[in-house]
Student: 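My structure is below; once you've seen it, I'll send some questions.
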Amino acid sequence: MDVTIETPTQAGVEQALEVARRWLPAFLAGERAPDELYADPTVTWHNVGEREVEVQRTPSRTRSNAAGADLSVTEARVKVFDGGWVFQGTTVGTNRRGEQVRIPVCLVVTLRDGRIARFEEYADSRAAEALFATD
């Protein structure tokens, strides 16, 4: 079995903590963090649909709100590691049909050269179906 176990460095943890502290307030507000925090390109992989896409200029929650949903994030927790962090939280609110949604979510954020390079988003796929429900 070929397994890589990385040894964390204090400098790597401190760098990730600095980037996370700048990114988190914008993310919680449903806004894009400052461009200098993102590598080129930055990608997001979603477990729902198992697809990888380049990050768009606005967070998906902002796009959902623009489409008629009313969403926010609660129960936010972040654990920093050398090279990134894990964000756990719950997206709550109403979908565009006015139905209640509650989606537990986990993001694994990876840095490259001190900038966000990749998000891996793990969300409850059954709960996410309610968010994207159509009329």
Student: Looking only at heavy atoms, which two atoms of E120 and R118 are closest? And how far apart?
Tutor: OE2-NE, 3.1 Å

Student: Side-chain heavy atoms nearer than 4.5 Å, only ILVMFWY residues, links allowed to pass through others: does that put V92 and V48 together?
Tutor: no

Student: If you measure from CZ on R77 to CD on Q88, what distance do you get to the nearest 0.5 Å?
Tutor: 4.5 Å

Student: Identify the heavy atoms of V86 and V108 that sit nearest to each other, and give their distance.
Tutor: CG2-CG2, 4.4 Å

Student: Around atom CZ of R21, are there more than 12 heavy atoms of other residues, nucleotides or ligands at under 6.0 Å?
Tutor: no

Student: If you measure from OG1 on T91 to CZ on R102, what distance do you get to the nearest 0.5 Å?
Tutor: 10.0 Å

Student: Any chance you could measure T90, atom OG1, to L71, atom CG, to the nearest 0.5 Å?
Tutor: 12.5 Å

Student: Taking atom CD of E6 as the centre, does the number of heavy atoms from other residues, nucleotides or ligands within less than 6.0 Å exceed 12?
Tutor: no

Student: Of all the heavy-atom pairs spanning G83 and A16, show the shortest one and how long it is.
Tutor: N-CB, 4.2 Å

Student: Could you list the residues that satisfy side-chain contact (heavy atoms from CB on, under 4.5 Å) with A33, not counting sequence neighbours?
Tutor: W23, A26, L37, Y38

Student: Can you find a pair of side-chain heavy atoms, one from V73 and one from F87, that are under 4.5 Å apart?
Tutor: yes

Student: Evaluate the side-chain proximity of V43 to V53: yes if any heavy-atom separation is below 4.5 Å, no if none is.
Tutor: no

Student: Is R115 close to V19 at the side-chain level, that is, under 4.5 Å between some pair of heavy atoms?
Tutor: no

Student: With the 4.5 Å side-chain cut-off for hydrophobic clustering, are F119 and V105 part of the same group?
Tutor: yes

Student: Verify the cluster assignment for L107 and F81: are they in a single hydrophobic cluster under the rule of side-chain heavy atoms below 4.5 Å apart?
Tutor: no

Student: Say whether, by atom type as modelled, one donor and one acceptor occur between the side chain of R126 and the main chain of D124 under 3.5 angstrom.
Tutor: no

Student: OG1/T42 to CD/E54 distance, rounded to the nearest 0.5 angstrom?
Tutor: 7.5 Å

Student: CD/E14 to CD/E18 distance, rounded to the nearest 0.5 angstrom?
Tutor: 9.5 Å

Student: Taking all atoms of both residues into account, what is the closest heavy-atom pair of I103 and A123, and its distance?
Tutor: CG2-CB, 4.0 Å

Student: Stepwise, does the side chain to side chain contact (heavy atoms under 4.5 Å, CB included) test hold for T9 with T7?
Tutor: CA-CA 7 Å; T9 66; T7 304; over 6 Å; no

Student: Atom CD of residue position E52 - does it have more than 12 heavy atoms of other residues, nucleotides or ligands inside 6.0 Å?
Tutor: yes

Student: Minimum heavy-atom separation for T44 to V55, with atom names?
Tutor: OG1-CG2, 3.2 Å

Student: Could you give me the CA-CA distance, side-chain angles and deciding distance for W85 and L24, then say whether side chain to side chain contact (heavy atoms under 4.5 Å, CB included) is met?
Tutor: CA-CA 11 Å; W85 61 88; L24 187 60; over 6 Å; no

Student: Out of curiosity, S125 OG to E50 CD, how far, rounded to the nearest 0.5 Å?
Tutor: 10.0 Å

Student: Give me the atom names and distance for the closest heavy-atom approach of N47 to Y122.
Tutor: OD1-CA, 3.2 Å

